[in-house]
Novice: 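Pasting a structure here, questions to come.
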Amino acid sequence: MIETLAPKSPDPLLKIIRMFREDPRTDKIDLGVGVYKDATGATPIMHAVKDAEALLLATQKTKTYVGQQGDVTFLELVGQLVFGDIAHEMTAIQAVGGTGALRLGCDLLRESGARRVVLPQPCWPNHPSIVRAARLEPVDAPFFNIAEQRIDMEELISALTGAEPGDAIILQACCHNPLGADFSLSQWIELADALNARGLIPFLDLAYQGFGDGIDEDVAGLRALVARAPEAVIAVSEAKSFGIYRERVGALFVKAAPRARQAVMSNLAAIARANYSMPPDHGAAIVREVLADEALRQSWRDELDQIRTHIKRTRRLLAEARVNSLPMHLIAAQKGMFSTLPLNEAQVNTLREQHGVYMTDAARITVAGLREADVPRFVEALKAVA
Ligand SMILES: Cc1ncc(COP(=O)(O)O)c(C=O)c1O
């Protein structure tokens, strides 16, 4: 039976990563892969993370399973970091990365009777796959004008009129991947009103806290929306904020009426149990140690500040460039690791083939992966195609 399986096409990003690896040019520029790189092009381990790991090595006494919910102290600390004063309203479970949290959330929605999930486009390419894997139907909604690099609130809100009560909508909390375009606080409030009026459930995806304007600033919109929503689902990834991508650290938070909390928790536990049983410990333990210790927490905040400052500087350098038809100045106003340039496939291919500049087929660039030394060559390459 297995021999009848039809092959699936690989993730398009993997193709670009392979092409980059096989390109013999020494001055090639990688803006495809979605990880932060420092000025030397490395993705280093944060000092606070190294210190927390040393502490764990010295003090950990057992490797027995963590509980079904995961590391409860980790969940409390992350809950505080994300929600502040409204953290006590959440039911939480540790997850296998932000991706795992998104899947848990989709499975929970399906168990609750939801059928469809609205995805403002363009979205993170894994969102539709996760929604479908949970046997929910993804529904596209227009959201962003790439040529003008602006969020189109009118289009988005009017697309919501086609949604039905009980449908969910996935919204990225900050540092949008792949657009770098975030809602303003007033847009978040407008969205909250529109979702409440139609009985839609906000499903927030927070994967870049601290990469935009600051740890608290980046979740101001999320908090405003969640405070106004009777029910909400929030998937959190700590891969980027702590630079611990491969440790697979995430959490799912659910806001629901107090009387529903026990059912929410037991459903989440049952979904997790049938998937991977118990979550992995190490990455969550690192985050717990860093957030619980004043000195480690400060060290982490300082390093995150440096990362953010570095990304903002790269954005400013790009914004100062004059590239014919491209609105480069708008890129500086965007947030986080990514932006999407208004380039067509032929232009993206020419950049790759003739200039050794790699980005996704949809022209997403990892601003956070661009070395300062490469900016002039990148800008020259853009000028040659746009
Ligand atoms: C928007 C968004 N959500 C969720 C994730 C998931 O992160 P992870 O599963 O690595 O924790 C990512 C990672 O790239 C992302 O960009």
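In each ligand, atom 1 is the first atom listed, and ligand 1 is the first ligand listed.
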Novice: List the closest protein heavy-atom neighbour of atom 7 (O) of ligand 1: residue, atom name, distance to the nearest 0.1 Å.
Specialist: Ser237 OG, 3.5 Å
Novice: Please confirm whether Phe183 and His176 have ring centers closer than 6.0 angstrom.
Specialist: no
Novice: I'd like to check which ligand 1 atoms, numbered from 1 as shown, lie under 4.0 Å from a non-hydrogen atom of Lys240.
Specialist: 12 (C), 13 (C), 14 (O)
Novice: Evaluate the criterion side chain to side chain contact (heavy atoms under 4.5 Å, CB included) for residue pair Val254 and Ile93; output intermediate values, then yes/no.
Specialist: CA-CA 9 Å; Val254 178; Ile93 187 167; over 6 Å; no
Novice: Looking only at protein heavy atoms, which one is nearest to atom 5 (C) of ligand 1, and how far off is it?
Specialist: Trp124 CH2, 3.5 Å
Novice: Enumerate the atoms of ligand 1 whose separation from the nearest heavy atom of Gln172 is less than 4.0 angstrom.
Specialist: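 With Gln172 as reference, the close atoms of ligand 1 come out as 1 (C).
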Novice: If I take atom CE from residue Met328 and atom NZ from residue Lys383, how far apart are they, to the nearest 0.5 angstrom?
Specialist: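 Spacing of CE (Met328) from NZ (Lys383) equals 9.5 Å.
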Novice: Is there a polar contact, in the sense of an N or O pair closer than 3.5 Å, between Gly98 and ligand 1?
Specialist: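 Gly98 vs ligand 1: N/O contact under 3.5 Å present.
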Novice: What are the atoms of ligand 1, with element, lying closer than 4.0 Å to any heavy atom of Ala239?
Specialist: 10 (O), 11 (O)
Novice: Would you please say whether a donor-acceptor pair under 3.5 Å links the side chains of Ser241 and Gln209?
Specialist: no
Novice: Please tell me whether Leu81 and Ile286 are part of a single hydrophobic cluster in this structure, the criterion being side-chain heavy atoms less than 4.5 Å apart.
Specialist: yes
Novice: Which of the atoms of ligand 1 are close to Thr99, meaning less than 4.0 Å from one of its heavy atoms?
Specialist: 6 (C), 8 (P), 9 (O)
Novice: Name the closest protein heavy atom to atom 16 (O) of ligand 1, giving the residue it belongs to and the distance to 0.1 Å.
Specialist: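 In this structure, atom 16 (O) of ligand 1 has Tyr208 OH, 2.6 Å as its nearest protein heavy atom.
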Novice: Under 6.0 Å from the ring centre and within 45 degrees of the ring axis: does the NZ or CZ of Lys28 meet both conditions for the six-membered ring of Phe20?
Specialist: yes
Novice: Short N/O distance, under 3.5 Å, between Arg248 and ligand 1?
Specialist: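 N/O-N/O distance below 3.5 Å exists for this pair.
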Novice: Looking only at atom types and distance, does a side-chain atom of Gln347 sit under 3.5 Å from a main-chain N or O of Val385, one as donor and one as acceptor?
Specialist: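 It does hold such a pair.
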Novice: Between the side chains of Tyr65 and Asp281, is a donor N or O closer than 3.5 angstrom to an acceptor N or O?
Specialist: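 Note: Tyr65 and Asp281 side chains miss the donor-acceptor criterion.
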Novice: Are any of the N/O atoms on Tyr245, whether in the backbone or the side chain, positioned under 3.5 angstrom from an N/O atom of ligand 1?
Specialist: no
Novice: Please determine if His127 has a nitrogen or oxygen closer than 3.5 Å to a nitrogen or oxygen of ligand 1.
Specialist: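 No, no N or O pair falls under 3.5 Å.
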Novice: Among all protein non-hydrogen atoms, which one is nearest to atom 2 (C) of ligand 1, and what is the separation to 0.1 Å?
Specialist: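 In this structure, atom 2 (C) of ligand 1 has Asp205 OD2, 3.5 Å as its nearest protein heavy atom.
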